[in-house]
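Heads up, the thing below is written out as structure tokens.
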Amino acid sequence: MSGPDKTQGLAGQRLLLCVGGGIAAYKALELVRRLRDGGAEVQVAMTAGAQHFVTPLSFQALSGQPTRTTLWDSAAEQAMGHIELARWADRVIVAPATADLMARLAHGLADDLVTTLCLATTAPIMLAPAMNHRMWQHPATQANLATLRARGVQVVGPNDGPLAEGESGPGRLAEPHEIVAALAGQAAAQVPQDLAGLKVVVSAGPTYEDLDPVRYLGNRSSGKMGFAVAASAARRGARVTLVAGPVQLPTPAGVDRVDVRSAAQMHAAVFAALPADIYIGAAAVADYTPREPAANKIKKSSESLALDLVRTPDILAEVAAQTQALKLVVGFAAETNNVAEYARRKLEAKRLDMIVANRVGIADGGFESDQNAMTAYWKDGERSFASAPKTRLADDLMDLIVERLDA
Ligand code: PMT
């Protein structure tokens, strides 16, 4: 897939990577390699805990620089003192940021090399947290996170998924390519911050409507379009909540993600995320759900089976109709035929500010594909976007959204 260079903006940057003591420390090795591939100069500092997981020598081999492990190394201090190192950095990345390290940073401790460097630097700091999901969700960690964010620290991840202890939840270190993309995004000063101060809620992916404990009604949405839209809004400075149906995609940098399964759950999560300035409904929400999911597996009996389905709430129409005035409500329309006509009908019927229509049921676009083509319609205008990667289309759509905000 062609697309923007994810390492753009890293060339020539002096990056100080602080590695915390978690199993995810091994992924920081890959991060060093990718940062250097992007043209950055990388120096690595490790906590004592980190050295239990990965050796300083490994980082030294990949960074091409001596790895710093302690405040009390007179030879290293002679080469470049820790204050000098803190000044040297254009940016500091803490990956993995463990719960303990976040707590120490939030409280301004300087009890080892890493915390001292973070306290002594004036460079922007980015954290990539990784820990057990219960530790991540603990109010103490969330309070530390809020403190650090309030001080301007950027946070990428953690991702949701299987954790080292055999459990699953939010706590996985963001993938190295996501951290690189987040850093590059931070560096890309050319990205206009024209959504700064605005809250954007995006829905993405399919919904699954359970028929019984083993079967469900679903659809082919992969979430790629909605995730790209959420990522694009976040890059432009918006606070973004992404309400995601069941998809296998990493959380875009800087986006708050709420995972749901059914249309009813998506409805609840969207309304919980309001108030907002902009709502973008890119999810393929089921229009019908079983009246009563069976408590036990439905058994084969007769030759045919009729399902008793009832309408789901129309999330988009309800958002557009609610009293808190959003600045812009944008829907998507997935159509197999009469695309323009059906899209305009939905624009009117659901009282939207804009609808983005795309053809589905085709090989190279719509559901699942990395590419798409679409046309946005509003009351007295329209704009077509030729086939392109969904990531690029999301940026073009965001340009239009910003234009329509000012219209
Ligand atoms: O996820 P991908 O694989 O990347 O594919 C992208 C996409 C094709 C899913 C996306 O581009 C798209 O078109 N999303 C809308 C799909 C859809 O359900 O369209 P619709 O025409 O059925 O619904 C119209 C609008 O109403 C949509 O904004 C939908 O989110 C919303 N809706 C529909 C039903 C419902 N109960 N609640 C809703 O909010």
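Just so you know, ligand 1 is whichever comes first in the structure, and atom 1 is the first atom listed for that ligand.
- Applying the 6.0 Å contact sphere to CD of Glu167 captures more than 12 heavy atoms from other residues, nucleotides or ligands.
- Residue-to-ligand polar distances place Lys346 within reach of ligand 1: an N/O pair is separated by less than 3.5 Å.
- Between the CG atom in Leu347 and the CE atom in Met354 there is a gap of 9.5 Å [rounded to 0.5 Å].
- Atoms of ligand 1 lying under 4.0 Å from at least one heavy atom of Lys390, given by number and element, are 2 (P), 3 (O), 4 (O), 5 (O).
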ask   = What do the steps show when you test Asn144 against Thr147 for side chain to side chain donor-acceptor pair (under 3.5 Å), and what is the final call?
value = CA-CA 5 Å; Asn144 292 331; Thr147 302; 5.2 Å; no
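- Ligand 1 has at least one atom lying under 4.0 Å from a heavy atom of Gly366.
- To the nearest 0.5 angstrom, Leu62 atom CG is 9.0 Å from Glu30 atom CD.
- Under 4.0 angstrom from ligand 1, the non-hydrogen atoms of Lys224 come from both its backbone and its side chain.
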message = Run the salt bridge (Lys or Arg N to Asp or Glu O under 4.0 Å) test on Asp396 and Arg383 for me, step by step, so that the C-alpha distance in whole Å, both residues' side-chain angles and the decisive distance to 0.1 Å come before the verdict.
response = CA-CA 10 Å; Asp396 293 344; Arg383 186 175 301 170; over 6 Å; no
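- Proximity of Asn372 to Phe385: side-chain heavy atoms (C-beta onward) are nowhere separated by under 4.5 Å.
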ask   = Given the rule in the salt bridge (Lys or Arg N to Asp or Glu O under 4.0 Å) test, do Arg345 and Glu341 qualify, once you have shown the distances and angles that lead to the verdict?
value = CA-CA 6 Å; Arg345 268 195 220 165; Glu341 184 193 334; 2.5 Å; yes
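- Within the 4.0 Å heavy-atom shell around ligand 1 one does not find Glu318.
- Residues Thr207 and Val260 have side chains not in contact (no heavy-atom distance under 4.5 Å, counting atoms from C-beta outward).
- Among protein heavy atoms, the minimum distance from atom 25 (C) of ligand 1 is reached at Phe332 O, 3.0 Å.
- Taking the side chain as every heavy atom from C-beta outward, Phe271 and Val319 approach each other to under 4.5 Å.
- With values rounded to the nearest 0.5 angstrom, Leu393 atom CG is found 8.0 Å from Gln371 atom CD.
- Residue Arg151 places its CZ atom among more than 12 non-hydrogen atoms of other residues, nucleotides or ligands, all under 6.0 Å distant.
- Listed by atom number, the atoms of ligand 1 under 4.0 Å from Leu316 heavy atoms are 25 (C), 26 (O), 28 (O), 31 (C), 38 (C), 39 (O).
- Using a cut-off of 4.0 Å between Lys/Arg side-chain N and Asp/Glu carboxylate O, Arg404 and Asp353 are scored as not salt-bridged.
- Counting atoms of ligand 1 from 1 in the listed order, those under 4.0 Å from a heavy atom of Gly281 are 27 (C), 28 (O), 30 (O).
- Per-residue contacts place Gly331 under 4.0 angstrom from the following atoms of ligand 1 (heavy atoms of the residue considered): 28 (O).
- Thr289 contributes atom OG1, which lies 14.0 Å from atom OH of Tyr208 (distance to the nearest 0.5 angstrom).
- Listed by atom number, the atoms of ligand 1 under 4.0 Å from Ala286 heavy atoms are 36 (N).
- Interface atoms of ligand 1 facing Phe367, defined by a heavy-atom separation under 4.0 Å, are 3 (O), 5 (O), 8 (C), 9 (C).
- Both the backbone and the side chain of Ser222 come within contact range of ligand 1, each with a heavy atom under 4.0 Å.
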Output side-chain donor-acceptor pairs under 3.5 Å for residues 229-255, partner residues at least two apart or in another chain, one line each.
from: Ser232; atom 1: OG; to: Asp395; atom 2: OD1; distance (Å): 2.7
from: Arg235; atom 1: NH2; to: Asp395; atom 2: OD1; distance (Å): 2.9
from: Arg236; atom 1: NE; to: Asp194; atom 2: OD1; distance (Å): 2.9
from: Arg236; atom 1: NH1; to: Asp399; atom 2: OD1; distance (Å): 2.7
from: Arg236; atom 1: NH2; to: Asp194; atom 2: OD2; distance (Å): 3.0
from: Arg236; atom 1: NH2; to: Asp399; atom 2: OD1; distance (Å): 2.9
from: Thr251; atom 1: OG1; to: Arg257; atom 2: NH1; distance (Å): 3.1

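- Rounding to the nearest 0.5 Å gives a distance of 12.5 Å between NZ of Lys199 and CD1 of Ile278.
- Counting heavy atoms from C-beta outward, Met374 and Leu397 have side chains that approach closer than 4.5 Å.
- Contacts with ligand 1 closer than 4.0 Å are made by backbone heavy atoms (N, CA, C, O) of Pro313 only, the side chain lying farther away.
- Heavy-atom distances between Ala263 and ligand 1 stay at or above 4.0 Å for every pair.
- Not one N or O of Ser369 is nearer than 3.5 Å to an N or O of ligand 1, by distance alone.
- Residue, atom and distance of the protein heavy atom nearest to atom 1 (O) of ligand 1 are Ser221 OG, 2.6 Å.
- In terms of protein heavy-atom proximity, atom 26 (O) of ligand 1 is nearest to Lys350 NZ, 2.9 Å.
- Below 4.0 Å from some heavy atom of Thr312 lie the following atoms of ligand 1, by number and element: 36 (N).
- Here Met374 has no heavy atoms under 4.0 Å from ligand 1, in either its backbone or its side chain.
- Counting only heavy atoms of the protein, atom 18 (O) of ligand 1 lies nearest to Ala284 CA, 3.2 Å.
- Looking only at protein heavy atoms, the nearest one to atom 19 (O) of ligand 1 is Ala334 N, 3.4 Å.
- The shortest contact between atom 14 (N) of ligand 1 and any protein heavy atom is with Ala282 O, 2.9 Å.
- Contact annotation for Asp287 and ligand 1: only side-chain heavy atoms (C-beta onward) come within less than 4.0 Å of the ligand.
- Between Gly205 and ligand 1 there is no heavy-atom distance shorter than 4.0 Å.
- Scanning the protein heavy atoms around atom 6 (C) of ligand 1, the nearest turns out to be Met225 CB, 3.6 Å.
- Considering Val356, Asn358, Ile315 only, the shortest heavy-atom separation from atom 11 (O) of ligand 1 involves Asn358.
- Summarising the contacts of atom 15 (C) of ligand 1 with Ala228, Gly361, Ala283, Ala343, the nearest heavy atom is found in Ala283.
- For the pair Arg311 and ligand 1, no heavy-atom separation below 4.0 Å is found.
- For the atom pair SG of Cys118 and CG of Leu127, the computed distance is 7.5 Å after rounding to the nearest 0.5 Å.
- Close contacts between ligand 1 and Gly223 involve ligand atoms 1 (O), 2 (P), 3 (O) [criterion: under 4.0 Å to a heavy atom].
- Ligand 1 has no atom lying under 4.0 Å from any heavy atom of Ala317.
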